[in-house]
Structures are given as C-alpha cells and as structure tokens.
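Values below: every heavy atom of this structure, side chains too, minus hydrogens, waters and symmetry copies. Just so it is clear, the structure is predicted and the values come from calculations on it, not from any experiment. Order of the sequence lines fixes the chain letters, A, B, ..., with proteins taken first and strands second; residue numbering starts at 1 for each chain.
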Protein chains: 2
Amino acid sequence: MTAETTTTSTHAPAQFSGVAKLDQQLCFALYSASGLMTRLYRPLLDPLGLTYPQYLAMLALWERSPSTVGELGEALGLDSATLTPLLKRLEAGGLVTRRRDPADERRVLVEPTAKGQALREQARSVPAAMLCNLPLDVDELKYLHHTLTRFVSGLRKADPGTASPS
Amino acid sequence: MTAETTTTSTHAPAQFSGVAKLDQQLCFALYSASGLMTRLYRPLLDPLGLTYPQYLAMLALWERSPSTVGELGEALGLDSATLTPLLKRLEAGGLVTRRRDPADERRVLVEPTAKGQALREQARSVPAAMLCNLPLDVDELKYLHHTLTRFVSGLRKADPGTASPS
DNA sequence: TCCAGTTAAATCGTGCACGATTATTTAGTA
DNA sequence: TACTAAATAATCGTGCACGATTTAACTGGA
C-alpha cells in the first residue's frame with residue numbers, strides 16, 4: 001500500500017501527535033465496527049431466537065459437543081460469569097442441555113438438543129445473508145480477516161488477565 | 001452416555017468453507033478484537049477512573065463542549081438509553097455537568113468540569129501507551145484503520161433497521 | 001485418612017448496549 | 001387559540017461482559 005511518511009520505523013516520540021491519534025481512531029473504529037456488526041446480525045438472528053453471543057455459542061457447540069463451560073469460554077474468549085447465564089437462557093429456550101460430567105462433577109457438559117440441532121439447518125442461510133450486507137469486496141474482507149486475526153492473537157499474548165494454558 | 005458417534009465432526013464441507021465461512025470468522029475476529037482492545041485499555045484507564053465508553057465520551061467532550069446528549073450519541077454511535085446513565089456516572093464523579101439548554105428545554109447540555117478538564121492532562125499519555133501494546137506495526141495499523149473506517153461508514157448506511165426483504 | 005492446594009462453575013456487583021415506551025417541550029397549522 | 005406532529009431525553013426490561021468472590025469437587029501428598 002502507499003506508505004505515507006513512514007519515517008517512524010520505531011516508536012519515535014517526534015511523531016506522537018500524528019501516530020498517537022491513530023490508536024484512538026483505530027480502537028474507536030474497532031469498537032464501532034463490532035457494535036454495528038452485531039446490529040446487522042440482529043434481523044438475521046431474531047427469527048432464530050438468538051442473540052449474537054448465543055449464536056457464537058451454538059456455532060461452537062455445533063462443531064463440538066458436548067463441550068464444557070470452560071471449553072466454550074476458551075473458544076469464545078468469555079468466562080463463566082458471562083457464559084453461565086447465557087447457557088441457562090439457551091437451556092430455557094430448549095436449545096441445549098446442561099449436566100454435570102459424571103466423571104468429574106466439577107465440569108458441566110453442554111450439548112445441543114434435537115431442537116438445537118434442527119436450528120442449525122435454519123442457521124445455514126445466515127452467513128451468506130450476512131456476507132451480502134458487508135460493504136467491502138471479498139479481497140478486502142479476506143485481508144481484513146487476516147489482519148484482525150494477527151491482531152487478536154497478538155493481543156491475547158499481551159493480555160495478562162488471560163491465562164495462557166500450556 | 002450412549003456415545004455412538006463420539007465425534008460428530010461435521011466440519012463444513014467444501015460448499016460452505018470458501019466464502020460463507022469468511023464472514024463468521026471475520027465477524028468473530030471483530031468481536032474478539034473489540035473485547036480484547038477494551039480489556040487492554042482497562043489498566044490505562046483505571047487510574048483515571050474511567051471505563052472505555054466513558055473515555056470516549058470525555059474525548060468527544062474535550063473536543064467539543066458543551067455538547068447535547070444527541071450530539072454525543074451521534075459522535076459515538078450510542079443512544080440516550082446508553083448515554084444518559086453513563087453521563088450521570090460521569091456527573092456523579094464530578095467530571096461533567098448536565099443542564100437543560102435554556103434556549104430549548106428539550107436539550108441537555110453536557111460539559112466537562114474543571115476536574116474533567118484536568119483529567120485531560122492525565123489522559124495524554126494513554127494513546128502512546130496503548131500504541132505500544134498493539135501488536136501490529138504502524139503500516140498495518142494504518143491499513144486496518146483505513147479499512148475499518150470504510151467498513152463502518154458502509155455499515156452505517158445499511159443499518160436503518162427497516163428489514164424490508166423486497 | 002486427612003488435609004492443603006488446585007480446578008471448575010456459579011454467584012455478586014457494576015457497567016454497557018439496545019429496543020420500546022413515556023414525558024416534556026417545541027414547531028407547525030387549521 | 002387549540003391541536004397535531006416532531007424532536008429530545010429519560011425510563012424500563014432484557015441481555016452481555018468482567019473483576020472478584022464463593023462453593024463444590026478433584027488431586028497429591030504426609
């Protein structure tokens with residue numbers, strides 16, 4: 001890409017006024033994009049009776065079940081304080097079951113019900129519909145995904161709060 | 001347990017794997033990046049007594065004050081249901097004042113107090129500190145910002161909520 | 001056997017976010 | 001003037017998110 005005045009190969013204080021604003025704008029753009037994306041999912045997920053985080057949980061469970069709460073938390077980057085009530089709502093909606101693992105009573109195994117599995121079929125049309133809404137072309141989306149993935153994996157290492165297992 | 005099919009690994013076949021999965025991965029990356037970014041701000045903003053949305057509101061007010069609740073909502077992409085309690089917390093912390101506009105009693109004018117202005121000096125070190133934490137180099141951050149900005153402006157047009165499947 | 005230490009989930013308190021509704025004020029019009 | 005319509009915040013209900021704490025269950029030794 002056209003690199004404009006990239007004389008700051010390192011974190012040079014001289015360019016702070018210019019570069020320092022970048023993080024504000026970038027982080028705000030990230031924050032805004034995430035919120036708008038969630039809002040764009042809503043009309044697609046409302047007919048399924050799911051919120052976006054619930055949809056993410058179901059996606060994870062459709063891929064791998066039964067899963068423990070901890071495994072779901074690892075996959076989604078959420079902790080039990082968020083997941084427990086979310087999963088209870090999915091259970092109340094008849095989409096998943098929650099039961100203690102007989103082999104280790106500390107764990108809770110979560111699994112889609114038949115209704116939860118059936119929902120997967122309804123949900124198949126969501127990605128394509130969502131893709132049509134995204135305002136960039138496929139190449140840009142791919143590059144954006146690639147960059148964000150590097151961003152996320154980089155941030156996970158820098159986050160002291162997230163334990164790094166093994 | 002009757003686990004006849006211990007691993008129902010129906011990983012997406014080729015029909016889906018190409019483009020349709022991209023939006024899932026991209027939106028999830030966006031969602032994760034936003035959450036991680038907010039978490040990364042926390043240790044920087046805690047000493048200031050601000051959350052990230054509160055920091056955004058103060059940034060907007062430092063740029064332009066007094067602002068109405070509506071103007072702040074426009075700038076941040078939030079509505080009064082979110083902003084009113086947030087601004088009340090800032091007011092309770094002595095950082096802003098809220099008063100009805102005498103010229104139009106429907107509006108509420110929000111303005112930093114002296115304490116709120118003083119906080120701006122403390123906050124000056126935040127962007128540089130944040131920038132050091134971001135795991136990409138400046139060129140990538142610039143491209144990411146540029147792409148996300150186009151993404152956000154594109155989404156804003158597609159948002160209005162009138163689900164007209166015509 | 002007992003007991004620390006660890007792990008897993010649930011719980012508590014605070015705060016953000018949105019859809020929908022309500023109350024008040026302002027503007028427009030017969 | 002009176003009466004409708006639009007604008008502006010505030011409020012209500014539901015749900016997500018996280019730090020901190022609590023409870024229960026497993027683990028590995030003395």
Side-chain angles (χ1 to χ4, degrees), chain A residues 31-43 45-46 49-57 66-74 76-93 98-110 159-163 165-166, chain B residues 31-43 45-46 49-57 66-74 76-93 98-110 159-163:
Chain A
Y31 167 83
S32 301
S34 177
L36 285 165
M37 180 271 296
T38 300
R39 236 174 288 175
L40 207 59
Y41 262 114
R42 190 181 306 276
L45 295 181
D46 267 350
L50 295 176
T51 65
Y52 182 63
Q54 288 169 7
Y55 173 65
L56 290 179
S67 290
T68 68
V69 174
E71 286 164 350
L72 284 172
E74 180 70 19
L76 305 181
L78 301 172
D79 67 0
S80 68
T82 299
L83 280 175
T84 295
L86 186 152
L87 293 171
K88 282 184 176 177
R89 281 185 287 270
L90 290 179
E91 186 183 36
R98 294 163 63 247
R99 59 189 157 83
R100 291 279 168 182
D101 183 348
D104 185 344
E105 293 278 342
R106 292 172 302 181
R107 299 168 185 260
V108 166
L109 298 176
V110 187
D159 189 353
T162 303
S166 65
Chain B
Y31 167 81
S32 301
S34 177
L36 286 166
M37 180 273 296
T38 300
R39 237 174 287 176
L40 207 58
Y41 261 114
R42 190 182 306 275
L45 295 180
D46 266 350
L50 295 175
T51 65
Y52 182 63
Q54 287 169 6
Y55 173 64
L56 291 179
S67 292
T68 68
V69 174
E71 287 165 350
L72 284 173
E74 180 70 19
L76 304 182
L78 301 173
D79 67 359
S80 68
T82 300
L83 279 175
T84 296
L86 186 153
L87 293 170
K88 282 184 176 177
R89 282 186 285 270
L90 290 178
E91 186 183 35
R98 295 164 61 247
R99 58 190 158 84
R100 291 279 166 184
D101 183 349
D104 185 343
E105 292 280 340
R106 292 171 302 181
R107 299 168 186 258
V108 166
L109 299 175
V110 187
D159 185 26
T162 48

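Between the CG atom of B:L56 and the P atom of C:dG15 there is a distance of 17 Å, rounded to whole Å. A:R99 places its CZ atom 18 Å from the P atom of C:dA8, with the value rounded to the nearest Å. Taking atom CZ on A:R39 and atom P on D:dG15, their separation rounds to 19 Å, with Å as the unit. One atom, CG of B:D46, and another, P of C:dT14, lie 16 Å apart when rounded to the nearest Å. When rounded to the nearest whole Å, the span between CG of A:L86 and P of D:dT14 equals 16 Å. As rounded to whole Å, 14 Å separates atom C1' of D:dG13 from atom CG of B:D79. Distance B:Y55 OH to C:dG15 P: 20 Å, rounded to the nearest Å. Rounded to whole Å, the distance from CG on A:L83 to P on C:dT11 is 14 Å.
A donor-acceptor pair under 3.5 Å links the side-chain atoms of A:R100 to the main chain of A:R106, judged by distance alone.
In this structure, A:K88 does not reach the C:dA9 phosphate: none of its side-chain N or O atoms is under 4.0 Å from OP1 or OP2. Contact annotation: B:R98 side-chain N/O to D:dA9 OP1/OP2 distance is not under 4.0 Å. Put simply, A:Y31 has a side-chain N or O that comes within less than 4.0 Å of OP1 or OP2 on C:dA17. Contact annotation: B:R107 side-chain N/O to D:dA9 OP1/OP2 distance is not under 4.0 Å. Between C:dT11 and A:T84, no contact under 4.0 Å exists linking OP1 or OP2 to a side-chain N or O.
Each of D:dA9, D:dA17, D:dT11 was ranked by its minimum atom distance to the side chain of B:A81; first place goes to D:dT11.
Among the protein residues, B:L78 comes within range of the sugar-phosphate backbone only, with heavy atoms under 4.0 Å from sugar or phosphate atoms but none that close to a base. Using a 4.0 Å heavy-atom criterion, one finds that A:S80 contacts the bases of the nucleic acid, with or without backbone contacts as well. Using a 4.0 Å heavy-atom criterion, one finds that B:T82 contacts the bases of the nucleic acid, with or without backbone contacts as well. Counting any heavy atom pair closer than 4.0 Å across all strands shown, B:T38 reaches no nucleic acid atom.
Summarising the geometry, atom CG belonging to A:L45 is positioned 6.0 Å from atom CG belonging to A:L50; distances are rounded to the nearest 0.5 Å. One finds the CG atom of A:L109 at 8.0 Å from the CD atom of A:E71 (value rounded to the nearest 0.5 Å). In this structure, CD on B:E91 lies 11.0 Å from OG1 on B:T84, to the nearest 0.5 angstrom. Atom CG of A:L56 sits about 8.0 Å away from atom CG of A:L78, to the nearest 0.5 Å.
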- Query: Passes side chain to side chain contact (heavy atoms under 4.5 Å, CB included), B:L87 versus B:L72? Steps please.
  - Reply: CA-CA 10 Å; B:L87 293 170; B:L72 284 173; 4.1 Å; yes
Report, one pair per line, the protein and nucleotides 21-29 of chain D atoms (nitrogen or oxygen only) whose separation is under 3.5 Å.
| residue | atom | partner | partner atom | Å |
| --- | --- | --- | --- | --- |
| D:dC26 | OP1 | A:E105 | N | 2.7 |

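Taking the side chain as every heavy atom from C-beta outward, B:D101 and B:V108 never approach each other to under 4.5 Å.
Evaluated for a side-chain contact (heavy atoms from CB on, under 4.5 Å) with A:Y52, the options A:M37, A:R39, A:R42 yield exactly one hit, A:M37.
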